[in-house]
Q: 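Following this message is one structure expressed as structure tokens.
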Amino acid sequence: MTIRTAIYILIPTILLVGLFGFIQPKPAAKDKTEISASFYPLYFFASEIVKDRAAVYNLTPAGVEPHDYEPSARDMARIQNSDLVIYNGGGIDLWMEKIKNNLQKTDAVFVSAVENKGQTGAADPHVWLSSLLVKKQVAEILAALKQIDEKNFSFYETNAKELNNKLDDLDVNIRKALKNCKKRDIITSHAAFTYFAQDYGLNQIAIAGLSPDEEPSPKRLAEIAKFAQKNNVKYIFF
């Protein structure tokens with residue numbers, strides 16, 4: 001397994017939003033707990049935990065950058081009517097942070113990968129790129145589910161344990177795959193792979209900073225090109 005393949009296995013992988021007041025009709029009685037996730041990794045983790053006992057919605061469409069997504073009126077209504085809203089925080093899905101701060105008349109429980117107690121306090125918000133940090137996110141989701149749907153908690157708890165076992169297996173497999181890897185340098189489009197690099201003893205050389213919108217200087221590009229040639233680096237991860 002190459003470093004590139006390992007990273008792809010781990011990934012199941014900022015527009016400011018003006019919020020307008022609108023009148024929502026009273027929602028019909030729900031058959032299931034409703035969960036909204038700001039983008040795919042969080043949707044995946046929640047889906048693995050709740051299975052068919054709850055309805056999980058991924059708000060960011062496939063192929064759309066979560067930094068840049070602008071929620072539709074339908075998204076806004078879905079968020080307002082959700083029992084649980086899972087978002088990353090730390091600037092990845094800033095539109096969701098704005099919604100949380102401005103949304104009124106909702107009983108939804110909000111859970112953040114970055115901001116909730118027990119998560120990383122570091123500046124890098126890309127916590128889903130570390131299986132160890134994902135396990136903390138699983139714990140946060142599980143705690144929220146106990147709060148909003150206690151009758152199904154034992155079912156959710158069992159699924160969360162299975163997900164954590166998969167994350168442990170993934171961690172072991174990546175460590176084994178990289179054990180004899182002689183090249184430890186990886187060039188990345190921006191500094192998103194810090195946790196992955198820390199977990200597995202890799203050296204991240206980022207072209208740009210944490211924001212994918214940050215433009216590298218000509219000097220930085222020249223430095224990266226020189227480094228890649230000198231060290232025979234053939235891939236850039238993004």
Side-chain angles (χ1 to χ4, degrees), residues 1-18 37-44 58-71 87-99 101 112-115 119-134 137 170 174-175 177-238:
M1 179 185 293
T2 65
I3 296 176
R4 183 185 189 188
T5 303
I7 290 178
Y8 284 166
I9 289 176
L10 185 58
I11 305 176
T13 109
I14 294 179
L15 289 179
L16 299 180
V17 180
S38 61
F39 65 111
Y40 181 78
L42 305 180
Y43 162 84
F44 175 79
N58 178 22
L59 296 172
T60 303
V64 176
E65 168 61 55
H67 291 84
D68 299 335
Y69 185 58
E70 184 173 359
Y87 68 105
N88 195 81
I92 292 290
D93 40 16
L94 189 58
W95 49 275
M96 180 63 84
E97 297 179 52
K98 296 293 181 180
I99 289 173
N101 293 332
S112 165
V114 173
E115 296 167 3
Q119 297 301 328
T120 175
D124 185 0
H126 301 83
V127 295
W128 71 92
L129 288 175
S130 167
S131 58
L132 303 178
L133 291 178
V134 168
Q137 173 69 353
L170 176 61
I174 294 176
R175 291 182 188 280
L178 298 177
K179 183 178 181 180
N180 297 318
C181 182
K182 295 180 179 180
K183 291 185 177 182
R184 315 301 293 187
D185 297 319
I186 58 171
I187 295 178
T188 64
S189 60
H190 72 293
F193 296 85
T194 302
Y195 300 122
F196 188 90
Q198 289 175 350
D199 287 351
Y200 303 112
L202 304 175
N203 178 36
Q204 175 185 220
I205 297 95
I207 297 174
L210 283 172
S211 172
D213 299 324
E214 182 179 336
E215 292 291 337
S217 67
K219 180 181 178 182
R220 181 60 177 168
L221 290 175
E223 291 172 347
I224 294 291
K226 184 177 180 180
F227 179 89
Q229 292 172 351
K230 181 179 179 180
N231 295 278
N232 195 30
V233 177
K234 298 180 179 180
Y235 304 102
I236 295 177
F237 301 107
F238 67 95

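What you are looking at is a predicted structure, and each value in this text was computed from that prediction instead of being measured.
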Q: Any sub-3.5 Å donor-acceptor pair from Y69's side-chain atoms to S38's backbone N or O?
A: no
Q: Mind checking side-chain contact (heavy atoms from CB on, under 4.5 Å) for N180 and listing every partner two or more places apart, or none if nothing turns up?
A: none
Q: In Å, rounded to the nearest 0.5 Å, how long is the span from CG of L42 to CD1 of I92?
A: 10.0 Å
Q: By side-chain contact (heavy atoms from CB on, under 4.5 Å), which residues pair with T188, not counting sequence neighbours?
A: I186, F193, Q204, A206, F237
Q: NE2 of H126 to CG of N88: how many Å apart, nearest 0.5 Å?
A: 8.0 Å
Q: Any non-hydrogen side-chain atom of Y195 less than 4.5 Å from a side-chain atom of V127?
A: yes
Q: Can you list everything that forms a side-chain contact (heavy atoms from CB on, under 4.5 Å) with A228? Sequence neighbours excluded, please.
A: I187, V233
Q: Determine the minimum heavy-atom distance between L59 and M96, stating which atoms define it.
A: CD1-CE, 3.4 Å
Q: Between W128 and P41, what is the shortest heavy-atom contact and its length?
A: CD1-CG, 3.8 Å
Q: Mind checking the OG1-CG spacing from T60 to D93? Nearest 0.5 Å is all I need.
A: 7.5 Å
Q: Between CD of Q137 and CG of L132, what distance do you get to the nearest 0.5 Å?
A: 14.0 Å
Q: Search all heavy atoms of P125 against all heavy atoms of G90 and return the closest pair with its distance.
A: CG-O, 3.5 Å
Q: Would you say F227 and D185 make side-chain contact, with heavy atoms under 4.5 Å?
A: yes
Q: Mind checking side chain to side chain donor-acceptor pair (under 3.5 Å) for D199 and listing every partner two or more places apart, or none if nothing turns up?
A: S130
Q: Distance check, rounded to the nearest 0.5 Å: F39 atom CZ versus N58 atom CG?
A: 9.5 Å
Q: Mind running side chain to side chain contact (heavy atoms under 4.5 Å, CB included) on F44 and V134 for me, showing each step along the way?
A: CA-CA 11 Å; F44 175 79; V134 168; over 6 Å; no
Q: Is there side-chain contact between E97 and Y87, with heavy atoms separated by less than 4.5 Å?
A: yes
Q: Considering only residues two or more places apart or on different chains, which pairs with a residue in residues 222-238 satisfy salt bridge (charged side-chain N to carboxylate O under 4.0 Å, His left out)?
A: R220-E223
Q: Roughly how far, to the nearest 0.5 Å, is the CG atom of L221 from the CD atom of E215?
A: 9.0 Å
Q: Taking the side chain as every heavy atom from C-beta outward, state whether H190 and I207 have any atom pair closer than 4.5 Å.
A: no
Q: Quick one: side-chain contact (heavy atoms from CB on, under 4.5 Å) partners of P218, sequence neighbours excluded?
A: none
